[in-house]
Amino acid sequence: MATSYDYAPLFRSSIGFDRVFNLLENAQRARSVSDWPPYDIVKTGDDSYRIAIAVAGFSREDLDITFQSNLLTVTGRKQDAPAEGYLHRGIASRPFEHRFELADHVRVDSADLNNGLLSIGLVREIPEEMKPRKISIVSAPALGKLESPAQIEGQKAA
């Protein structure tokens, strides 16, 4: 049984969090989508991640990886093989699509298909202007020592 949440009260009392609410709503909708083929999401470092998808039987030509506007989409469409000769067909080859919402400044770094696992490397690169920076403190005249207009004029003349 899927539970649906109403985010309307949060929209009324917050500003600038639209993307967060959209992510939550999309995550609720995506839950009903099939989890086939299975996948893992692994944090491999402070700012790096890897998605591994089990795509046994799919070749590089059968897979498509697309990244647009913080949305990573992985699709697989296998060419139809003749069903002749099969006594049992247990290896699924149906088409699939997985969507992953990525945070800001996360980009796809690499993709590799090896031993039936599609590995997608992700890295978070924070722009220089958004990184924390040290702010220097400048000394200012003490509040108790107010200078007279004559002293200020004398400093300007010098």
Side-chain angles (χ1 to χ4, degrees), residues 1-140:
M1 180 172 137
T3 304
S4 180
Y5 298 100
D6 180 20
Y7 298 107
L10 296 173
F11 278 116
R12 289 191 297 261
S13 62
S14 61
I15 298 170
F17 293 95
D18 302 349
R19 180 159 153 60
V20 174
F21 299 136
N22 289 338
L23 286 172
L24 291 170
E25 287 176 354
N26 289 341
Q28 280 184 313
R29 272 187 248 127
R31 234 186 281 155
S32 64
V33 176
S34 171
D35 280 338
W36 186 86
Y39 62 91
D40 293 334
I41 301 174
V42 181
K43 185 170 184 171
T44 58
D46 287 341
D47 290 321
S48 58
Y49 306 87
R50 184 180 70 246
I51 299 172
I53 305 173
V55 291
F58 285 83
S59 68
R60 293 182 201 287
E61 293 78 28
D62 299 331
L63 301 169
D64 185 43
I65 303 170
T66 307
F67 175 67
Q68 180 181 3
S69 303
N70 295 16
L71 179 66
L72 174 66
T73 306
V74 181
T75 55
R77 302 214 188 294
K78 193 163 169 111
Q79 303 298 325
D80 290 332
E84 301 167 1
Y86 282 97
L87 299 177
H88 172 73
R89 192 166 193 172
I91 299 174
S93 60
R94 64 184 181 265
F96 70 89
E97 181 176 272
H98 280 303
R99 294 173 180 247
F100 302 94
E101 289 280 346
L102 303 182
D104 292 335
H105 313 297
V106 173
R107 67 171 181 83
V108 177
D109 185 47
S110 62
D112 179 44
L113 180 62
N114 192 15
N115 294 329
L117 280 179
L118 175 64
S119 295
I120 302 170
L122 305 169
V123 64
R124 178 175 45 199
E125 293 179 337
I126 300 173
E128 211 49 50
E129 61 270 5
M130 296 189 73
K131 289 183 181 177
R133 62 182 186 271
K134 190 81 170 166
I135 307 298
S136 60
I137 301 171
V138 180
S139 296

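One-based numbering along the sequence shown.
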Find the distance between [atom1] ([X]) and [atom2] ([Y]) and round it off to the nearest 0.5 Å.
X      : Y      : atom1 : atom2 : result
His105 : Asp47  : NE2   : CG    : 11.5 Å
Arg77  : Leu63  : CZ    : CG    : 11.0 Å
Ser48  : Glu125 : OG    : CD    : 11.0 Å

Step by step, work out the side chain to side chain contact (heavy atoms under 4.5 Å, CB included) result for Arg50 and Ile120.
CA-CA 6 Å; Arg50 184 180 70 246; Ile120 302 170; over 6 Å; no
Above 12 or not: heavy atoms from other molecules or residues under 6.0 Å from CZ of Arg89?
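Atom CZ in Arg89 is packed in, count exceeds 12.
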Looking at Gln68, I'd like to know if its CD atom is crowded, meaning that more than 12 non-hydrogen atoms belonging to other residues, nucleotides or ligands lie closer than 6.0 Å.
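Atom CD in Gln68 is not crowded, with 12 or fewer foreign heavy atoms closer than 6.0 Å.
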Over all heavy atoms of both residues, which pair between [X] and [Y] is shortest? Give the atoms and the distance, please.
X      : Y     : result
Pro37  : Val55 : CG-CG1, 4.4 Å
Lys43  : Gly45 : CE-O, 3.1 Å
Arg124 : Tyr49 : NH2-OH, 3.8 Å

Check the pair Arg99, Glu97 against salt bridge (charged side-chain N to carboxylate O under 4.0 Å, His left out), reporting the backbone distance first and the verdict last.
CA-CA 7 Å; Arg99 294 173 180 247; Glu97 181 176 272; 2.9 Å; yes
For Leu71 and Leu102, run side chain to side chain contact (heavy atoms under 4.5 Å, CB included): C-alpha distance rounded to whole Å, both residues' side-chain angles, the deciding distance at 0.1 Å, then the answer.
CA-CA 6 Å; Leu71 179 66; Leu102 303 182; over 6 Å; no
Close side-chain approach of [X] to [Y], heavy-atom, < 4.5 Å:
X      : Y      : result
Val106 : Asp104 : no
Leu122 : Asp109 : no
Phe67  : Thr73  : no

Positive for side-chain contact (heavy atoms from CB on, under 4.5 Å) with Ile51, one of Ile65, Leu72, Asp40:
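Exactly one pass, corresponding to Leu72.
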Just do the side chain to side chain contact (heavy atoms under 4.5 Å, CB included) check on Lys78 and Arg94 with the steps written out, would you?
CA-CA 7 Å; Lys78 193 163 169 111; Arg94 64 184 181 265; over 6 Å; no
Taking the six-membered ring where the residue is Trp, are the ring centres of Phe96 and Phe58 under 6.0 Å apart?
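Yes, they do, as the ring centres are separated by less than 6.0 Å.
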Between His98 and Tyr39 (side chain of the first, backbone of the second, donor and acceptor by atom type, cut-off under 3.5 Å), is there such a pair?
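Looks like no, no N/O pair under 3.5 Å.
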Would Asp62 and Arg60 count as a salt bridge (charged side-chain N to carboxylate O under 4.0 Å, His left out) if you check the C-alpha gap in whole Å, the side-chain angles of each, and the deciding distance to 0.1 Å?
CA-CA 5 Å; Asp62 299 331; Arg60 293 182 201 287; over 6 Å; no
Step-by-step side chain to side chain contact (heavy atoms under 4.5 Å, CB included) determination, Leu118 to Asp112
CA-CA 6 Å; Leu118 175 64; Asp112 179 44; over 6 Å; no
